[in-house]
Amino acid sequence: MTMRHDTQTEGGEVRPGETLLEIKHLTMDYQTKEGRVSAVKDVSLTLQRGSSLGLVGESGCGKTSVALTLLRLQASNADIVEGEILLGGLNLLDLSEEEMRKHRWADISMVFQGAMNAWNPVYRIGDQIREALDLHWPEKLTTAQVRQRIAELFELVGLPEEAMDRYPHEFSGGMRQRATIAMALSCNPQLIIADEPTTALDVIVQDQILKELKKIQTELGMSIIYISHDIAVIAQVTEHTGVMYAGKIVEYGSTEQIFHRPRHPYAWLLLSSTPSITGPRRKLAPLEGEPPNLMVPPSGCRFHPRCPFATEQCSNEEPPETDIGDGHMVACWNYEQVPVGISEIAAEEG
């Protein structure tokens with residue numbers, strides 16, 4: 001049994017440029033005792049086969065809510081107000097739970113935040129991966145075929161074959177995260193969502209894990225959505241980036257566009273508050289204030305209470321998405337006032 005991938009042609013080549021995922025005007029609220037929380041507001045994104053997309057923003061901005069909705073694993077108090085999620089043209093929001101179960105892991109899977117600690121401590125790692133194969137592999141596998149499949153997965157993620165017979169406590173943090181990625185890959189999904197895939201790992205292991213994911217994506221031709229509050233992680237591994245704030249996509253473009261010329265004040269301030277180990281020495285520009293209470297989100301632009309460029313229009317009118325060229329989108333009334341490059345607000349240290 002060998003690795004296969006459904007996004008490939010009969011000749012084995014990935015079909016680049018084909019749309020795999022379309023999120024159209026997704027809006028989702030949470031119903032709480034205190035009231036409704038506007039967690040995701042009018043989010044639209046497109047992901048091509050074989051490509052990578054990053055979602056970046058502060059904690060609570062809606063990144064994980066979007067991810068869980070893609071797998072139809074949102075909390076029981078979540079209410080999808082409107083929108084479509086098209087995977088290969090199929091609207092996942094129209095499927096029953098039984099129908100969705102056939103696509104989960106088989107077509108779309110997830111490396112969950114904090115998944116290192118999600119392994120059942122009393123079962124061997126291989127047995128837990130076998131459970132996913134038993135539930136979602138297209139045909140019944142023999143014990144020998146399962147072991148072969150897990151051995152292939154472990155080779156992909158850099159784990160020794162014999163590790164499948166170990167218990168979670170016998171794995172280091174980095175090994176557990178690699179095993180988690182192997183689990184997500186087990187049924188050859190077209191799309192993997194990696195939610196903070198390097199949380200709680202030291203920087204050396206983080207770098208190794210990210211390189212492994214990038215290598216696997218290239219080898220298998222799959223698509224990956226990376227979710228992180230760490231903008232440096234997104235810069236390292238993605239081709240396109242969506243910047244989220246208070247449940248909305250406020251800027252979207254190629255990762256190069258976002259990092260070299262951010263146009264939304266929030267994206268600009270995120271970059272300006274992030275230290276660089278390769279660039280010139282500079283003072284960091286702090287991102288003042290706190291994210292808003294999404295039970296009573298601000299009127300107009302949700303970022304205006306923290307924005308250094310805000311005007312009366314920003315507090316009264318919600319900005320539309322504006323295409324500023326080459327697929328670079330921004331939702332800001334005053335994007336032209338944002339300086340080019342972060343160095344313009346970062347004075348040199350004396």
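Computed from heavy atoms alone, side chains included, the values below leave out hydrogens, waters and symmetry copies.
- A donor-acceptor pair under 3.5 Å is absent between the side-chain atoms of E317 and the main chain of C314, judged by distance alone.
- Of the residues listed (R302, E58, R306), the one engaging Y245 in a side-chain hydrogen bond (donor to acceptor under 3.5 Å, both in side chains) is R306, and it is the only one.
- Contact annotation: the side chain of I224 never approaches that of L191 to less than 4.5 Å [non-hydrogen atoms, C-beta and beyond].
- No side-chain donor-acceptor contact under 3.5 Å links D195 to the backbone of T64.
- If you check the side chains of Q236 and D207, you find a donor sitting under 3.5 Å from an acceptor.
- Checking side-chain atoms of R263 against main-chain N and O of E251 turns up no donor-acceptor pair under 3.5 Å.
- Formation of a donor-acceptor pair under 3.5 Å by the D202 side chain with backbone atoms of V205 is found in this model.
- Using a 4.5 Å cut-off on side-chain heavy atoms (C-beta onward), L95 and K102 make no contact.
- When all heavy atoms of Q128 and P168 are compared, the closest pair comes out as NE2-CG, 4.0 Å.
- H264 and Y266 have perpendicular rings, their planes meeting at more than 60° on a 0 to 90° scale where under 30° would count as parallel.
- Listed for the T255 side chain is a donor-acceptor partner under 3.5 Å among the backbone atoms of T238.
- In this structure, H229 NE2 and L55 CG are separated by 14.5 Å, a value rounded to the nearest 0.5 Å.
- Taking the ring centroids of F309 and W268, they lie under the 6.0 Å cut-off.
- The backbone N or O of E239 sits less than 3.5 Å from a side-chain atom of S52, completing a donor-acceptor pair.
- D79 places no side-chain N or O within 3.5 Å of a backbone atom of Y30 that could act as its donor or acceptor partner.
- In this structure the side chain of V81 never reaches within 4.5 angstrom of the side chain of V40, judged on heavy atoms.
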